[in-house]
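Only one structure is covered here, and it is reproduced in the block below.
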2 protein chains.
Amino acid sequence: MRLLVLDFLLKQQAAVSLNDLEAAFHRADRITLYRTLKTFEEKGLVHSIADGTGSVKYALCEEGCACAPEDLHVHFHCNICNETYCLPKSRIPEIALPENFKTEEISLIMKGTCASCS
Amino acid sequence: MRLLVLDFLLKQQAAVSLNDLEAAFHRADRITLYRTLKTFEEKGLVHSIADGTGSVKYALCEEGCACAPEDLHVHFHCNICNETYCLPKSRIPEIALPENFKTEEISLIMKGTCASCS
DNA sequence: TAAAGAATGCAATGCAGTTGCATGCAAACA
DNA sequence: TGTTTGCATGCAACTGCATTGCATTCTTTA
Ligand SMILES: [Mn+2]
Ligand SMILES: [Mn+2]
Ligand SMILES: [Zn+2]
Ligand SMILES: [Zn+2]
């Protein structure tokens, strides 16, 4: 199962939700797919994206990605096709914070129209 | 009810969730509070913040805020006190996007330790 | 081969958000 | 002033996503 899911993820251009997986593997149990994603995330194989749509998306990590703050890239959610993309080339710049605020994680979600839909 | 909620929001340092409101107004119905927040948001009185904790937070808009992309500020969620703060002084810088991507909304959530908790 | 451990499937639960509908209140109207 | 009309409130129910418990099946290892 995990091999099949990994294979599926490798073919994707956009991040996938649990529902997407379920639709692609209608013979597999939803919970198994859920736990597969969780395992992948735990092992650092994928990262999760809360794009504000209500369902969390998952995408394979780039080679050498430690999912650390300095690896963080921008995510883009298209309001037309409803796909969520990793934009690894759009890095999140340094943000000035008030005194004594310490950052551990950053997430930057942009919404709009993607290249395919414009 | 709306006046009471507005009054409550004016006193807050951090963004509030529906549950926070419910706790503060235990005599009011959860749905009424929900619809009050929705009305406020629709009228541009508050903006909502999806901080990734699973419950949406709401905070009063600044004077003159149009909730437009150029008004967008950073939100900070403290992992210790679990409060979510607006950081109106931390503006979101321009992000370089791939060609033909058009931005309509941006949300930048930082997580870590806030000034009170460090 | 037998035992131990991990993966899978089914069922049930929790929780945030949302909607329908009936009722109550209060402003606008004649 | 009495009536109508529109909006606010409260209750109930429902949705969708995420999560957990437990029994079963498969795989690895002694
Ligand atoms: Mn990504
Ligand atoms: Mn804010
Ligand atoms: Zn698109
Ligand atoms: Zn704090």
Side-chain angles (χ1 to χ4, degrees), chain A residues 1-9 12 14-60 67 75 77-79 81-84 105 107 109 111, chain B residues 1-9 12 14-60 67 75 77-79 81-84 105 107 109 111:
Chain A
M1 199 70 248
R2 291 179 184 175
L3 289 176
L4 291 174
V5 172
L6 177 59
D7 204 56
F8 178 78
L9 289 175
Q12 302 307 307
V16 299
S17 66
L18 179 54
N19 278 336
D20 295 335
L21 268 194
E22 211 184 349
F25 297 90
H26 52 277
R27 295 187 48 192
D29 191 72
R30 175 182 183 82
I31 311 300
T32 300
L33 296 170
Y34 168 76
R35 282 194 269 234
T36 299
L37 287 174
K38 281 294 184 187
T39 305
F40 282 2
E41 188 180 19
E42 219 170 89
K43 302 298 180 184
L45 210 57
V46 304
H47 61 279
S48 63
I49 310 159
D51 60 9
T53 60
S55 62
V56 177
K57 307 294 193 312
Y58 296 84
L60 284 175
C67 280
H75 290 113
H77 177 80
C78 174
N79 293 323
C81 62
N82 276 312
E83 300 281 13
T84 298
E105 293 173 62
S107 106
I109 311 281
K111 302 199 179 193
Chain B
M1 199 70 247
R2 291 179 185 176
L3 288 175
L4 291 175
V5 171
L6 177 58
D7 205 55
F8 178 79
L9 289 175
Q12 302 306 307
V16 299
S17 67
L18 179 54
N19 278 335
D20 294 335
L21 268 192
E22 210 183 350
F25 297 90
H26 53 275
R27 295 187 49 193
D29 191 72
R30 173 181 184 82
I31 313 301
T32 301
L33 296 169
Y34 168 75
R35 283 195 268 236
T36 299
L37 286 175
K38 281 293 184 188
T39 306
F40 283 1
E41 188 180 20
E42 219 170 90
K43 302 299 181 185
L45 209 58
V46 304
H47 60 280
S48 62
I49 310 159
D51 60 10
T53 60
S55 61
V56 177
K57 307 293 193 313
Y58 296 85
L60 285 174
C67 280
H75 290 114
H77 177 79
C78 174
N79 292 324
C81 60
N82 275 311
E83 300 280 14
T84 297
E105 293 172 62
S107 104
I109 311 284
K111 301 196 181 195

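On a predicted model such as this, the values are computed, not experimentally measured, just so you know. The figures here come from the full heavy-atom set of this structure, side chains too, leaving out hydrogens, waters and symmetry mates.
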Its 5'-most and 3'-most nucleotides having an atom under 4.0 Å from a non-hydrogen atom of chain B, DNA chain D is contacted over dA8(D) to dA12(D)
Atom CG of L18(B) and atom C1' of dA16(C) are separated, to the nearest Å, by 8 Å
Residues of residues 30-44 of chain A with a heavy atom under 4.0 Å from any atom of DNA chain C, listed by number, are I31(A), T32(A), R35(A)
From CG of D29(B) across to C1' of dG17(C) the rounded distance in Å is 14 Å
For R30(B), the salt bridge (Lys or Arg N to Asp or Glu O under 4.0 Å) test, sequence neighbours excluded, returns E22(B)
The side-chain contact (heavy atoms from CB on, under 4.5 Å) partners of L6(A) (sequence neighbours excluded) come to L10(A), F40(A), L45(A), L60(A)
### Query
Taking C-beta and beyond as the side chain, do V56(A) and I49(A) meet within less than 4.5 Å on heavy atoms?
no
Heavy-atom closest pair (V46(B) atom, Y58(B) atom, distance to 0.1 Å) is CG2-CD2, 4.0 Å
Rounded to whole Å, the CD-C1' distance (E22(B) to dT18(C)) equals 15 Å
The test is side-chain contact (heavy atoms from CB on, under 4.5 Å); show your working for H75(A) and H47(A) and say whether it passes. CA-CA 11 Å; H75(A) 290 113; H47(A) 61 279; 3.3 Å; yes
With sequence neighbours left out, the residues meeting side-chain hydrogen bond (donor to acceptor under 3.5 Å, both in side chains) with N79(B) are E104(A)
Original post:
V16(A) versus F8(A): any side-chain heavy-atom pair under 4.5 Å?
Top reply: yes
So salt bridge (Lys or Arg N to Asp or Glu O under 4.0 Å) across residues 45-55 of chain A, not counting sequence neighbours, yields D51(A)-K57(A)
Taken to the nearest whole Å, CD1/I49(B) to P/dG17(C) is 13 Å
